[in-house]
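Just so it is clear, the model here is predicted, and its values are computed rather than measured. The analysis underlying the following values was restricted to heavy atoms, covering all of them including side chains, and did not include hydrogens, waters or symmetry mates. Convention: sequence-line order gives letters A, B, ...; per-chain numbering from 1.
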Amino acid sequence: MDLGINMEKLFVINCEEIRAKDFSQIDGVVSFLLNGKKYSYRLISKDGTQLILDSGTRVKASVSSHSNDGESTVMTMGREAIMSSGTKKTRKGAGPVGGLISPMPGKIFKILKEVGSDVKKGETILILEAMKMEHSIRSDKDGKVKKIPFKTGDLVQANVLLAEVE
Amino acid sequence: MDLGINMEKLFVINCEEIRAKDFSQIDGVVSFLLNGKKYSYRLISKDGTQLILDSGTRVKASVSSHSNDGESTVMTMGREAIMSSGTKKTRKGAGPVGGLISPMPGKIFKILKEVGSDVKKGETILILEAMKMEHSIRSDKDGKVKKIPFKTGDLVQANVLLAEVE
Amino acid sequence: MKIKKILVANRGEIALRVLKTAKEMGIKVVTVYADDDKNLPHALFADESYSLGSGTLVDTYLNKAKLIEVTKKSGADAIHPGYGFLSENEEFARMVEGAGITFIGPTPESIILMGDKIGSKKALEKIKIPLTPGYHGDDQSDETLVKEAKKIGYPVLIKASAGGGGKGMRIVHEDSELLEGIRGAKSEGLKSFSSDKVLIEKYVLNPRHIEVQLMSDTHGNHLHFFERECSIQRRYQKVIEETPAPNMNQELRLKICETAVEIARGINYRGAGTVEFIMSQDGNYYFMEMNTRLQVEHPVTEMVTGHDLVRYQILVAEGGKLPLKQTDIKQKGQAIECRIYAEDPDNNFMPTIGRIERIGAPTLRDVRLDCGFLDGTDVGVNYDPMLAKLVVWGEDRPLAISKTIQSLDDVLFLGVKTNRDYLKRILGHKDFIAGHTHTHFIPDHKNELGPKNLSDEEMAAMIGAFSFAGKITAKGTESIQLITPWTSLHGFRN
Amino acid sequence: MKIKKILVANRGEIALRVLKTAKEMGIKVVTVYADDDKNLPHALFADESYSLGSGTLVDTYLNKAKLIEVTKKSGADAIHPGYGFLSENEEFARMVEGAGITFIGPTPESIILMGDKIGSKKALEKIKIPLTPGYHGDDQSDETLVKEAKKIGYPVLIKASAGGGGKGMRIVHEDSELLEGIRGAKSEGLKSFSSDKVLIEKYVLNPRHIEVQLMSDTHGNHLHFFERECSIQRRYQKVIEETPAPNMNQELRLKICETAVEIARGINYRGAGTVEFIMSQDGNYYFMEMNTRLQVEHPVTEMVTGHDLVRYQILVAEGGKLPLKQTDIKQKGQAIECRIYAEDPDNNFMPTIGRIERIGAPTLRDVRLDCGFLDGTDVGVNYDPMLAKLVVWGEDRPLAISKTIQSLDDVLFLGVKTNRDYLKRILGHKDFIAGHTHTHFIPDHKNELGPKNLSDEEMAAMIGAFSFAGKITAKGTESIQLITPWTSLHGFRN
């Protein structure tokens, strides 16, 4: 990771692309320009995920190990963010567009509507159980149930399509 | 380390040789006879140097990484010991026989007697500085200084010969 | 009769909490664990620990017969139920005592009485304890419930009679929501507490949640350990608790505490209990419910009074006399508890899951992190999302607030998003600092509690840290603990 | 005038102690470090940290000019000297104030007065403070010292006048040891404190070391924070300290505390100070010395009174008024401090060195480990062998003792032999439990404090642990933190 001078380096912090100009990392010192201002950090200590940097004052930071998609949680100065380098856009909790999305990880507790049946706006299609609570998944429009990709008892992740109404 | 049955295995605990009979270690369970009584421990968890065993009740233990000579510090049930396996005798703090031995690690602060000079019992031969204190190293008999293997300012380990009087 | 070995019929931080006091008292502790909890500290650090197998809660931590079987097998002579789970289950308490085991908790009669939200109010009405207007009747027909709700007037609160902790609760603002509210509360009540009985109450505007810690022995001594302010809640889940309650004069404080003691005396209570009151902004208070167990938030009381509530629970269960008088109990300084939840407050409080790579430890004095996890363990969906409780004592309230805010930066759960930053926003809010607390604090201040954008300074520091951390190649939970001897730093800045 | 940034002219746990309170108060902290300390937490965790280079103490932590230079450079407006090092150095205090920097400590005049063991007694004699018989004269000729020692009668104590902490001290029992004792004390005094002036005192039999914590502001307020019992010593080094002192009635307690306050008032003292008394078994007490700084053992006082002494030091240095009255200071419960030394008590207390592979954390409530090391750092011969202070609070003395014994098993320093087991033997000794403390406790009970042989049970557990640990192949400080999923344990014991 020792890089020459005059590099521009792209970081993604909480889904936002941040360009660090004149980026260099030599002899335990990283420096760059951010929005026209120069920043420089010297590495003082690294203990697993815990780092101490110095930029005039000491800065403590925690950086999680990279997950599979190159993202890390970075915590410093009391703030926390999901971060990666390169152009890859980090995901956000919004999920796919259209359809009814699981609000959290959980288990399909009960399916009240069959595929093909009519539903009214606000009617409950299925019930998700998570954290010992029941969550009704309701239709957002009048229509017909097109798809329910799970069966009762299935475990589902957050942000997953639970039902489609057309 | 999976061993068959009917093995005798030798451990050295605080310089004492301890023989564990019928020693076996299979599937996360170690069992053996010690002084005629059967002991059996199942490994529940290992986190670096920290272990949890189960022998009916849980036993927490800490074992330091082996040093070069195969010795570890083992701490369990509130007790601590230096331990190794095999026949090698662990050292004890006594040091070599005869001569004047450094009681602790330190620095030669001052040498008061030259090699070849006469000394009386109780007379100070040299002064060791350690932990910001001065420690007089005194002759244990009347005689002549035969050997002083260090010079002023030298750093010395504990249990090292500092002077010999004959 | 001295207790020699306690089985803790619970998990996580509360199992460890009981373990600590038992250890201090020289009492052995047996813990139990569902198999998916086998790497958690409560399954590791007791004197003995037994698997409850796998399956739903009913198969494991709520499996009464199995818990009693394990108690017998281990030779434990007492059961501590912790909070939640079977702590307020009368049948379990009876089974335990029937098996000749000491139940560290109240009598089954007290559990029945207070577990029934309707019956408890009827009983307390007789001894002149102030109650909020509501319907607590046995007629549970939709027709009657609808009629009573309308009589009380919206908004009303519909609650599972046996419930607690936000489960089986619905607020209804208008007719159209009423039937679904009643059915939801009934269904969750049935599922969580095996009873679909509900009650309806007037929903008081801007109320404070004030509760009083009680401890009673079997020799007629009923003591209070002062109040706790628990108004900072989200969807009936407490988020921040503290003691003493801010903006409460000493006269009102003593009055509400004495009302709670009257309840304990009136029902001849035994052990630790908490009376929860709704308090209006002008200081009127109404009995809400009594929790017949240790509360999650008991540590703030311990820090401010200097008394160990678990120890007194055990002494009382042994039949002993409480070794103190009411005048020996004093409040000193201020204590604040923050519940650290695995959730993303900036994304609709969606629960989060994952592997905790590292749990940061508090660095300031008089700060406790009661936590049921270890580095490398997983947070899943099967249990409560509360990861830990940060409990902070300070000489006064401003100091306690400032220490709590700073300590929240210490107790990072690296790898799992928590409400850490959100808690800091609440604690730093001017109305919280002024002690203007009420149970609608969080919804009322929703906009001011939103996330703040990262400054250039903060992003720059993140880029710096991320750049050096890039050399970490290890995956998962592996962590190389090594102070690197940066030779280039020898003459650093000098 | 508010202090904004403090430079701590010290190392190890006391530098971290000051850091914590400053952090709570929103004050920035600058630390300094000798290069061989660069991996220790005091060199890592401050807001700013500067190297003092390498060399002897005089080049680094005792380098007055450099410390002031770094203070100026960093923009700090105050210096906290900690304990030891330059904390009682009048010249340094003057240099600091001369440079326009606030010295968080007493006036140079108080340091001179109390630093001179002879002059201080002369001054206190005038205000009728009780003193032990002794020679405190200016005539330091061998002839006079020998004559005075004989006049007082053996055993006598020869002490460097400017000394403390066992350095520059000799007990002499007979004529033949006298001259060497005088010379030894003079030489160590010269080396450690730049003065070879000594004093001679009667050596009192079976005395107790009782000291009183004081805090004075610059507005005429002189408060005490009660006493500490520090009799458990080895070669004048305190080993275990506690408060309240056992076996002391309330009348005597208040009397000795008030005597200490008279001293503070009499010399118009400023800041934190401690008056040390020798107390005979029948309750007579004599002024021994006054330490014009924070003591190592100050945390026991903080735990029992609930007050932050460092915070008051800073408030006083700012010119503020102490925000409390004497009647606000009360003792609650019992606190015990154990000093964990790198030494082998079963081998003549030989100092030990090495790399600390892992430092165990306390697990019980109200237990503090004040420690200046991290996992993976080295213990060498250059500094004091005190690795950490274990400080434990309990509701009463028996509970505090039992919690301390248990906590000593938690705070293992894996890789470096410590006096941990030895401390447990003292705490478990029947005379300690009975509160029969005096400064000869350790030599008098030498035989009963020896090591106990390992039982078969203990050896078997060691064999079990060692056998599984045998699979650890990593060397040095590497530590793989991984919960191993032992599939064979799924149905374990159920």
Side-chain angles (χ1 to χ4, degrees), chain C residues 16-17 19-21 23-26 35 38-39 44-45 48-54 66 70 73 299 302-303 306-308 311 330 332-333 358 361 363-366 368 370 374-377 393-395 399 402-403 406 476-486 489-494, chain D residues 16-17 19-21 23-26 35 38-39 44-45 48-54 66 70 73 299 302-303 306-308 311 330 332-333 358 361 363-366 368 370 374-377 393-395 399 402-403 406 476-486 489-494:
Chain C
L16 297 172
R17 170 67 192 87
L19 175 59
K20 284 176 193 190
T21 287
K23 195 177 163 191
E24 284 176 30
M25 295 174 76
D35 286 346
K38 70 176 188 303
N39 291 331
L44 295 175
F45 298 138
E48 296 172 46
S49 205
Y50 296 86
S51 166
L52 296 170
S54 57
K66 194 169 216 169
V70 173
K73 186 166 141 188
E302 294 187 324
M303 277 196 159
H307 293 282
D308 180 341
R311 185 164 164 240
K330 295 191 178 75
K332 176 162 178 58
R358 184 176 177 280
T363 61
L364 296 181
R365 302 171 322 126
D366 302 317
R368 225 166 106 174
D370 282 11
L374 292 174
D375 290 2
T377 54
W393 183 89
E395 288 170 51
L399 198 60
S402 125
K403 285 176 70 171
Q406 294 183 61
T477 61
E478 189 179 34
S479 143
I480 310 296
Q481 296 199 328
L482 187 71
I483 304 290
T484 318
W486 296 96
L489 299 179
H490 262 293
F492 172 61
R493 304 193 66 193
N494 189 52
Chain D
L16 297 172
R17 170 68 191 86
L19 175 59
K20 284 177 193 190
T21 288
K23 196 177 161 190
E24 286 176 29
M25 296 176 76
D35 286 347
K38 71 176 187 303
N39 291 330
L44 296 175
F45 298 138
E48 297 173 45
S49 204
Y50 296 86
S51 165
L52 295 169
S54 57
K66 195 169 216 168
V70 173
K73 186 166 140 189
E302 294 186 324
M303 279 198 157
H307 293 281
D308 181 341
R311 185 165 164 240
K330 295 192 178 76
K332 176 160 177 61
R358 183 177 178 280
T363 61
L364 296 181
R365 302 171 322 127
D366 303 317
R368 224 166 108 173
D370 282 11
L374 292 173
D375 292 0
T377 55
W393 182 89
E395 288 171 49
L399 198 61
S402 123
K403 285 176 71 171
Q406 293 182 62
T477 60
E478 189 179 34
S479 144
I480 311 296
Q481 295 199 330
L482 188 70
I483 303 291
T484 318
W486 295 96
L489 298 180
H490 262 291
F492 173 59
R493 302 193 68 191
N494 190 52

### Task
Using non-hydrogen atoms and a 4.5 Å limit, figure out which bit of C/Asp366 sits close to chain D: side chain, backbone, both or neither.
neither
### Task
Sequence neighbours left out, what passes salt bridge (charged side-chain N to carboxylate O under 4.0 Å, His left out) with C/Arg311? Give chain and number order.
D/Glu395
### Query
Just how far is it from atom NZ of C/Lys332 to atom NZ of D/Lys332, taken to the nearest 0.5 Å?
11.0 Å
### Query
Given that the side chain runs from C-beta out, which part of D/Ser402 has a heavy atom under 4.5 Å from chain C: side chain, backbone, both or neither?
side chain
### Task
Check whether D/Arg358 gets within reach of chain C through its side chain, its backbone, both or neither, counting any heavy atom under 4.5 Å.
neither
## Note on the structure
Across all chains, not counting sequence neighbours, the salt bridge (charged side-chain N to carboxylate O under 4.0 Å, His left out) partners of D/Asp370 are D/Arg368
### Message
Please report the interatomic distance CZ(C/Arg365) to CE(D/Met303), rounded to the nearest 0.5 Å.
### Response
8.5 Å
### Pairs of heavy atoms under 4.5 Å with chain D: top-ranked of C/Leu364, C/Thr21, C/Leu19, C/Leu16
C/Leu364
### Query
Got a second to check how far D/Lys20's NZ is from C/Lys403's NZ, nearest 0.5 Å?
10.0 Å
